[in-house]
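Written out below as C-alpha cells is the structure these notes cover.
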Amino acid sequence: MPVGTIGSVKTMSPKELIEDTQAQIILGNTYHLYMRPGHELIKKFGGLHKFIGWDRPILTDSGGFQVMSLAGLRKITKDGVKFQSHLDGSYHMFTPEKAIEVQNAIGADIIMSFDECPPYPASKDYVAKSLKTTLEWAKRGKDFHKNTDKQALFGIVQGGIHKDLREESAKALMEMDFPGYSIGGLAVGEEKQDMFAVTEFLNPILPQDKPRYLMGVGTPSDILKNIANGVDMFDCVMPTRNARKGTIFTRNGKLIIKAGRYKADPRPIDEECTCYACRNFSRAYIRHLFNAGEILGLRLATIHSLHFYLELVGMARKAIFEDRYQEFMDEMIPKLDSLMK
RNA sequence: GGAGAGGUUCCCGAGUGGUCAAAGGGAACAGACUGUAAAUCUGUCGGCGAAGCCUUCGGAGGUUCAAAUCCUCCUCUCUCCA
C-alpha cells in the first residue's frame, strides 16, 4: 500500500498511481488529516475518496505512529494523548474515541485502532504498560465504532520484541474479534532478526481467515520474508521517500541515481522493468533531473519504485499460488537489498 | 594616454604578519532513510599511512624568526576619464 499521509502519495496523481504503479489501495493518516485540512472539511467534501479524487480503497492509520514520531510534542495519559500540533503549536486531545470519530469522518475503508507505538529501545516494563493501555484503547475504539459495514476497524498487536507480550496482545485483541489484525511497533530500530521472530511467532496465533497487516514495513526483502511469516498487507514510505531522495529500488538492488557512475549511463533504471520511467528514460537523464532539482526526477523515481514494489508482491502472490514461494525468495532476496554499483 | 580596483584551493568568495591547508556558499563525490514534521539529512572534498611532514593563495625577487597578508618589478583582468 503506497503511503499518502496527508491525502497525497507524494508526487503522484491518482491517475498515475492507477495506470503507472497499479496501486489498489493507499494510506492516509488520521493525525495529519485532522490537523490539516481537518476531518470536518473532508467530511463536507463527501469523504477522503472524493476529496482527493481516488475511488479505490483507502486505509487510514490512527495517529498511533505519531505518538512515537512526534514524541517531543505529545503527552500520553491513560485517557489518550495530548498532541501539540507540529504545524502551529496548538494543543489537541486524541482519545481512542476521537481517533475513530475522525476516521469515520475521513471515511477510509479500513481504519486503525488508536495505539501507542512504543519506541525502541524501551524497557519491557514500559512496553507491557503501554500494551495494556493500547488494549484498553482498542476496546474503547471498537465500542465507539458504529460504521462497521463500510469501515473495517483493525486492532493493533503491540508488545515490542517480547513474545509473551505479543501473544498476550494478539489473544486479547482476538477476544474482541476484529475483522483484521495489524502488527505494529516493528521496524522502529530493533534488529531485523527480532522483527522476523515476532511475525514468525504470531503467524500460528493470529486467525487464518483474517488479514494481517504489518505496519510500516519495509524494504523489499523485509516484505518477502514477512510474507513467508503469514503477513498479508504492508505499507511503507520507503519506495516513495527514498525515491524522492534518489535511492531507487530494483530487482537487482538499490540504485542511487545521483551517483557519478550513472552520469552517462544510457540504460533504464531496470532493464527488465516495464514501468513508464524505465520504458522511456535513461539513468543519465533521471540523474540529470535529480542533480538539476527537477521535479520530474522525483516523479519518475517514485513511479518506478512503486511499480517495482507492487510488481514484487504480485510475483510473490503468484509464487505462492504456484507453491514455489521458498524458491522464489531464495532467488530474489540475495539481490534485493544489495547496492547496485 | 590618465585615474582607480583587483587576481585566493574545481567555481564564487572571506581572509590584510603567526591561532591558515586557508571561513562561508556552490559544484562534485559517497552514503543514510521502514504505520512520512522528510524534493531531507550526514560525511568527504591539495598530497602522503596517523602524530607529523610536503606543496599551495597571478609570476619573479625581497623584508622578517615567521608572508595569502609588507616592499619592488613584471603580468593579466575590470571600472571610470580622455
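Reminder, nothing fancy here: chain letters follow the sequence lines and each chain counts from 1.
With respect to D125(A) and K129(A), no salt bridge is recorded, no charged nitrogen being found less than 4.0 Å from a carboxylate O. Of the charged side-chain nitrogens involved, at least one lies within less than 4.0 Å of a carboxylate oxygen, so that K318(A) and E322(A) count as a salt-bridged pair.
Using atom P as the reference point in both rA68(B) and rG62(B), the two lie 16 Å apart (nearest Å). Atom C1' of rU8(B) sits at a distance of 15 Å from the matching atom of rU77(B), rounded to the whole Å. Here the separation of rC65(B) from rC70(B), taken at their C1' atoms, is 16 Å to the nearest Å. When the P atom is used for both rA3(B) and rC57(B), the distance is 30 Å, rounded to whole Å.
Nucleic acid contact class of G189(A) (heavy atoms, under 4.0 Å, all strands): none. Among the protein residues, L27(A) comes within range of the sugar-phosphate backbone only, with heavy atoms under 4.0 Å from sugar or phosphate atoms but none that close to a base. Within the 4.0 angstrom heavy-atom criterion, only backbone atoms of the sugar-phosphate kind lie near D235(A); the bases stay farther away. Among the atoms of the strands shown, base atoms are found under 4.0 Å from some heavy atom of I295(A). Within 4.0 Å (heavy atoms only), K341(A) reaches sugar-phosphate atoms of the nucleic acid but no base atom. Q158(A) comes within contact range of at least one nucleobase, with a heavy-atom separation under 4.0 Å. Using a 4.0 Å heavy-atom criterion, one finds that N29(A) contacts the sugar-phosphate atoms exclusively. When heavy atoms are screened at a 4.0 angstrom cut-off, T247(A) is found touching base atoms of the nucleic acid. Among the protein residues, I256(A) comes within range of the sugar-phosphate backbone only, with heavy atoms under 4.0 Å from sugar or phosphate atoms but none that close to a base. Looking at heavy-atom distances under 4.0 Å, R74(A) makes no contact with the nucleic acid at all. Counting any heavy atom pair closer than 4.0 Å across all strands shown, T240(A) reaches a base atom.
For R36(A), the CZ atom sits in a loose shell: 12 or fewer heavy atoms of surrounding residues, nucleotides or ligands are nearer than 6.0 Å.
Shown are Y34(A), F94(A), Y91(A); of these, the ring-ring contact (aromatic ring centres under 6.0 Å, His included) with F83(A) is made only by F94(A).
A donor and an acceptor atom sit less than 3.5 Å apart, one in the side chain of K245(A) and one in the base of rA38(B).
Taking a pair to require two hydrogen-bonding distances under 3.5 Å in either a Watson-Crick or a G-U wobble arrangement, rU44(B) pairs with rA28(B). Pairing for rC20(B) is absent, with no Watson-Crick or G-U wobble pair whose two atom distances lie under 3.5 Å. Base pairing annotation: rC57(B) forms no Watson-Crick or G-U wobble pair, as no partner gives both donor-acceptor distances under 3.5 Å. Pair assignment for rG49(B) gives none, since no Watson-Crick or G-U wobble pairing has each distance under 3.5 Å. A 3.5 Å limit on both hydrogen-bonding distances identifies no Watson-Crick or G-U partner for rU64(B). Pair check for rC80(B) finds rG2(B); Watson-Crick or G-U wobble, both atom distances under 3.5 Å. Of the nucleotides present, none pairs with rC33(B) by Watson-Crick or G-U wobble criteria with both distances under 3.5 Å.
Relative ring orientation between H304(A) and F308(A) is described as parallel, the plane-to-plane angle staying below 30° on a 0-90° scale split at 30° and 60°.
Taking only side-chain nitrogens and oxygens, Q66(A) comes nearer than 4.0 Å to OP1 or OP2 of rU36(B). Side-chain N/O atoms of R261(A) include one lying less than 4.0 angstrom from OP1 or OP2 on rA30(B).
Atom CZ in F201(A) sits 11.5 Å away from atom CD1 in I183(A) (nearest 0.5 Å).
Residues N291(A) and L73(A) both approach RNA chain B. Their nearest nucleotides, taken by heavy-atom distance, put N291(A) toward the 5′ side.
Separating the CG atom of D61(A) from the P atom of rA37(B) is a distance of 10 Å, rounded to the nearest angstrom.
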Note to self: Using the rule given for salt bridge (Lys or Arg N to Asp or Glu O under 4.0 Å), can you reason through D265(A) versus R261(A), listing the C-alpha separation, both sets of side-chain angles and the distance that settles it, and then say yes or no?
What the structure shows: CA-CA 8 Å; D265(A) 195 332; R261(A) 53 186 175 273; over 6 Å; no
